[in-house]
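Model, not experiment: these values are computed from the prediction.
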Amino acid sequence: MTPWGGRVLTFSTLDSTSRHLWRLAEKGAPEGTVVVADQQSAGRGRRGRQWHSPAGLNLYFSLLLRPRIEFDKLPQFSLVAAAALWHGLRQDCPGLTIKWPNDLLCRGLKLAGILSEMKPGLSGAEFVIIGIGINVNAEIDDFPPDLRDQVTSVKCESGSCVSLASLLPRLLEELFTFTEMFNREGLAGSIGELVNRNFYLKDKKIVIHSGNDKIKCRARWIDGDGHLVATLADGRQTSFNAGEAWLAKAD
Ligand code: BTN
């Protein structure tokens with residue numbers, strides 16, 4: 001049982017834990033249902049990218065929530081999940097940071113990614129699926145060559161293997177605690193503080209890819225709506241509710 005009272009459904013292989021859970025959610029699976037797979041044949045990342053999902057090394061799981069929220073709150077769930085994972089992994093991975101809107105990085109290298117998806121209902125979300133991929137026991141050589149200079153894992157950071165079977169329930173407890181906290185106080189309280197204290201992009205020059213636009217700016221903080229606040233080259237302040245942030249190349 002998960003802390004919400006749902007079931008943990010474990011599979012050796014799935015196309016994607018999020019896709020499978022979506023099918024179950026449409027058939028009425030309750031809040032707190034979790035789907036976890038040993039490997040994924042079509043693991044999905046943001047913006048149509050693939051999520052490298054080899055067998056037995058890492059965690060790939062998806063969590064079903066049925067919150068009463070409006071459509072524009074979806075990006076906030078990625079930040080809530082990122083804060084929960086940060087809290088659960090902070091001792092294994094010293095220097096762990098959160099990269100708006102949905103990544104955990106160590107030494108600037110990707111340790112975990114979050115993909116939040118929502119099925120719209122008549123007055124808000126019918127359900128939300130939070131898909132989480134964490135590089136746990138993979139070594140750098142386990143990744144495709146083109147990713148090796150961009151990724152890390154819990155094992156690479158801590159020097160020791162972590163049991164996937166004990167890490168999952170620990171992280172589900174954290175996700176439950178943080179989603180309850182979010183229901184009570186939103187992002188403006190403790191979650192926002194945690195995210196901002198460990199905000200990878202803080203004061204860095206970045207380029208935001210938002211739709212077809214690429215906007216150069218300097219990241220400042222995450223506000224109570226989960227938006228990235230930044231300053232433009234002319235000093236004006238702006239904010240982004242979604243998009244992808246890249247470190248700007250040195251001029
Ligand atoms: C990203 O950083 O682009 C998000 C990656 C999310 C990957 C996870 S793995 C479990 C779940 N199932 C998927 O197909 N994707 C998510």
Side-chain angles (χ1 to χ4, degrees), residues 18 43-52 69-86 95-120 124-125 128-135 146-152 178 182 186-251:
S18 290
R44 288 183 296 144
R46 294 204 336 139
R47 300 188 167 238
R49 286 191 289 258
Q50 275 188 357
W51 187 258
H52 180 63
I69 55 153
E70 304 87 56
F71 309 123
D72 61 348
K73 294 261 167 64
L74 180 65
Q76 298 188 14
F77 276 88
S78 295
L79 281 172
V80 174
L85 298 181
W86 182 91
L96 190 60
T97 57
I98 296 172
K99 176 171 172 266
W100 180 90
N102 72 328
D103 291 340
L104 289 184
L105 305 187
C106 245
R107 300 177 292 116
L109 303 168
K110 185 146 170 169
L111 186 111
I114 299 159
L115 178 68
S116 299
E117 298 170 290
M118 168 191 286
K119 176 158 188 199
V128 169
I129 289 180
I130 303 180
I132 295 174
I134 306 174
N135 301 330
D146 58 318
L147 291 181
R148 287 181 192 161
D149 61 348
Q150 299 162 40
V151 290
T152 188
F178 276 76
F182 177 64
L187 279 182
S190 323
I191 303 179
E193 275 168 34
L194 185 158
V195 170
N196 276 298
R197 261 200 323 275
N198 300 287
F199 179 34
Y200 173 68
L201 298 173
K202 185 165 177 55
D203 295 332
K204 292 192 168 85
K205 278 189 180 173
I206 57 168
V207 181
I208 300 277
H209 295 210
S210 179
N212 289 329
D213 295 331
K214 292 183 182 170
I215 302 140
K216 279 192 184 169
C217 52
R218 195 178 283 274
R220 296 304 183 188
W221 67 86
I222 310 292
D223 72 13
D225 293 319
H227 298 172
L228 171 67
V229 180
T231 36
L232 298 166
D234 62 8
R236 277 183 303 135
Q237 189 166 298
T238 186
S239 70
F240 301 91
N241 64 351
E244 183 142 22
W246 299 91
L247 292 186
K249 293 198 177 80
D251 296 323

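Partners of Ala112 according to the side chain to side chain contact (heavy atoms under 4.5 Å, CB included) rule, which considers only residues two or more places apart in sequence or in another chain, are Leu104, Ile134. Taking the salt bridge (Lys or Arg N to Asp or Glu O under 4.0 Å) definition, one finds that Glu117 meets it with Arg44, sequence neighbours left out. With sequence neighbours excluded, the residues satisfying side chain to side chain contact (heavy atoms under 4.5 Å, CB included) with Ser190 are Met181, Glu185. Arg197 is linked by a side-chain hydrogen bond (donor to acceptor under 3.5 Å, both in side chains) to nothing, counting only residues two or more places apart in sequence or in another chain. The side-chain hydrogen bond (donor to acceptor under 3.5 Å, both in side chains) check on Lys119 picks up Glu26, with sequence neighbours excluded.
In plain terms, the two heavy atoms of Gly186 and Ile191 that are nearest each other are O-CD1, 4.1 Å. Residue Pro101 comes nearest to Gly243 through the heavy atom pair CG-O, 3.6 Å, listed as atom of the first residue, atom of the second, then distance.
The distance from the CG atom of Leu194 to the CG atom of Leu187 is 11.0 Å, given to the nearest 0.5 Å. With rounding to the nearest 0.5 angstrom, the CD1 atom of Ile208 is 3.5 Å from the CD1 atom of Ile206. Between the CH2 atom of Trp221 and the CG atom of Leu201 there is a distance of 14.5 Å, given to the nearest 0.5 Å. The NZ atom of Lys205 lies 5.5 Å from the CZ atom of Arg218; values are rounded to the nearest 0.5 Å. A distance of 4.0 Å separates CZ of Phe199 from CD1 of Ile222, quoted to the nearest 0.5 Å. To the nearest 0.5 angstrom, Asn102 atom CG is 4.0 Å from Arg46 atom CZ.
Asp223 places a side-chain N or O within donor-acceptor distance of the main-chain N or O of Asp225, the cut-off being under 3.5 Å.
The environment of CD in Gln50 is sparse: at most 12 heavy-atom neighbours from other residues, nucleotides or ligands sit within 6.0 Å. Residue Lys204 places its NZ atom among more than 12 non-hydrogen atoms of other residues, nucleotides or ligands, all under 6.0 Å distant.
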Side-chain donor-acceptor pairs under 3.5 Å in residues 226-234, sequence neighbours left out?
unit_1, atom_1, unit_2, atom_2, d
Thr231, OG1, Arg220, NE, 3.0
Thr231, OG1, Arg220, NH2, 3.1
Asp234, OD1, Arg236, N, 3.0
Asp234, OD2, Arg236, NE, 2.9
Asp234, OD2, Arg236, NH2, 3.3

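Lys99 forms a cation-pi arrangement with Trp246, by the criterion of a distance under 6.0 Å to the ring centre and an angle within 45° of the ring axis.
Screening Ile98, Thr97, Val80 for a side-chain contact (heavy atoms from CB on, under 4.5 Å) involving Val195 leaves a single residue, Ile98.
Residues Ile130 and Ile114 meet the side-chain proximity criterion, which asks for heavy atoms closer than 4.5 Å. Between Ile69 and Val128, the closest side-chain pair of non-hydrogen atoms falls below 4.5 Å.
Within the structure, side-chain hydrogen bond (donor to acceptor under 3.5 Å, both in side chains) contacts touching residues 73-85 (residues at least two apart or in different chains) are Glu70-Lys73, Ser78-Ser116. Residue pairs satisfying the side-chain hydrogen bond (donor to acceptor under 3.5 Å, both in side chains) criterion with at least one member in residues 103-115, sequence neighbours excluded, are listed as follows: Asp103-Lys110, Arg107-Glu157.
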